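First comes the structure, then the notes that go with it.
Please read these numbers as outputs of a predicted model, since none were measured by experiment. The sequence lines fix the lettering, A, B, ..., with proteins before strands; numbering per chain opens at 1.
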2 protein chains.
Amino acid sequence: MLNAICLPLGMSRQDVVKMDELLKERFRLPKGGTLYRQGDAAEAVFGLRSGSIKTQIEDANGQVQITGFLLPGEVLGLDGLMNERQVSHAIALEDSEVCIIRLDEMDQLAPQLPSLQRQLRRLMSKEISRSHQLLLALGSLRSEQRLAAFLLNLSQRLQILGYSPYEFILRMSREEIGNFLGLTLETVSRLFSRFAREGLIRVQQREVHILDMSGLQTLSGTDCS
Amino acid sequence: MLNAICLPLGMSRQDVVKMDELLKERFRLPKGGTLYRQGDAAEAVFGLRSGSIKTQIEDANGQVQITGFLLPGEVLGLDGLMNERQVSHAIALEDSEVCIIRLDEMDQLAPQLPSLQRQLRRLMSKEISRSHQLLLALGSLRSEQRLAAFLLNLSQRLQILGYSPYEFILRMSREEIGNFLGLTLETVSRLFSRFAREGLIRVQQREVHILDMSGLQTLSGTDCS
DNA sequence: CGTTTGCTTGACCTACCTCAACTAGCGTGG
DNA sequence: CCACGCTAGTTGAGGTAGGTCAAGCAAACG
């Protein structure tokens, strides 16, 4: 049941049993703790079981870009499989728990578990298209649209996890949101205030209430799909 | 020899022979032709053998974002493996030739060819970190840095293919470059003129000569790595 | 050889950034 | 428990990078 959180999709009963082998290894990560750093050896991917984690890359000048905020059930470390080196940092936004999926173990199980390979492929593909979506946002949406889309995305993912899509706690700071969306913290703050003033949301510190979901969708340009 | 272009890295001799099976299917694509469209069934990935291709996504409002310019030896369609549906368009920038790698065929070969799976994994991982890099560019670089980085990246990839890194023909319009980098065509044009004025490059229409590689590197912020 | 398409350049504008001051929580130690 | 300091967030004023609009030009194309 809980295993489903790690690599959830389309597996037979006995496959899941075999999977158990892979997922036996767990790891607790305190708030602010680093799961891995850019340059580390990458011999595993990680399934987030609880908590939340940000991933970020850093260029030669120390310029940082957050590439994702991960929620339980999501998988990280997929970008490190190219050269078995991590190319990003993964930092816990709150106390978190991950399971470790070692690649060599996975490859040993592969012949008996073709669905596992396909599953990993699907996850990687999803991450590719997710970051392409993000490119669209950074490349061509205006600030208000970016933040609206960000909130809606978060809301949706929390709903999938069984939480209310209408009220939630942001695990990240304004600065982190801004960095992620290619904006400054001031702009993010102003937008929160403005959205609240316009009755779209209610916000108090990191607690967000979505009052007008379809209003946000209209704003983000996501609704007419 | 030419097969190496399709899935090049780290394979034994006999593995390559088996690979041949997979790659027998070729396809010619005229300039402007569409290899696949968003929504198409995705049962294969494609290796670009010659020419160049752009990939782009389109949102509900028709907003387009180019996510990549592909050169020979590079693989596309990796973002469609999530739901066996293409999530992007692939359009030829010039007459091109692709080889087709069907996923079901690949999965059949998988038991005999574990390296193939690993190779695909590496390619997908590379695409993930490439788009994360791109996020960094769109999120936090200034226009001049983006264009400089773009030119350097192109130059590098062409050099790997055996072409001169100092002079090449852009296969894409100013508008396409602008869209890719999150800028307008006017800004791109102005930057080309400015780079030329400053002696960094010589540019005449789509023909680019890089005169001061390290100058470009300094500008892009890539040099001090 | 005219038409179309892509590129350049200029003038102006605005969305977002920068800088700065102020405020609210929140943890810590006296 | 309060006072203090610290960090995160808010808000304002003003500046600027890059967008928009518009005109002109050069290649490419039928």
A:I177 has an atom CD1; how far is it from atom P of D:dA8, in whole Å?
13 Å
State, without any angle test, whether B:Q119 and B:R122 hold a side-chain donor-acceptor pair at a distance under 3.5 Å.
yes
Take the protein atom CD of A:Q145 and the nucleotide atom P of C:dC16, then report the distance between them rounded to whole Å.
9 Å
Report yes if a donor N or O on one partner sits less than 3.5 Å from an acceptor N or O on the other, where the partners are the side chain of B:Q205 and the base of C:dC7; otherwise report no.
no
Rounded to whole angstrom units, what separation is found between the CZ atom of B:R190 and the C1' atom of D:dC21?
11 Å
If you assign each of A:L141 and B:T187 to its closest nucleotide in DNA chain C, which residue comes earlier from the 5' end?
B:T187
May I have the distance from B:R142 (atom CZ) to D:dG15 (atom C1'), rounded to whole angstrom?
15 Å
Side-chain N or O of A:S173 versus OP1/OP2 of D:dA8: is the shortest distance under 4.0 Å?
no
Would you kindly give the CD-to-C1' distance between B:E186 and D:dC25, to the nearest whole Å?
15 Å
Row check, A:F192 ring normal vs A:R174 NZ/CZ: under 6.0 Å, within 45°
yes
Whole angstrom value for the distance that separates P of C:dG25 from CG of A:L170
16 Å
Which angle, rounded to 10°, do you find between the first-five-pair axis and the last-five-pair axis of the helix from C:dC1-D:dG30 to C:dG30-D:dC1?
40°
Whole-Å distance between D:dA26 P and B:Q204 CD?
12 Å
Rounded to whole Å, how long is the line connecting atom CD of B:E175 with atom P of D:dC21?
14 Å
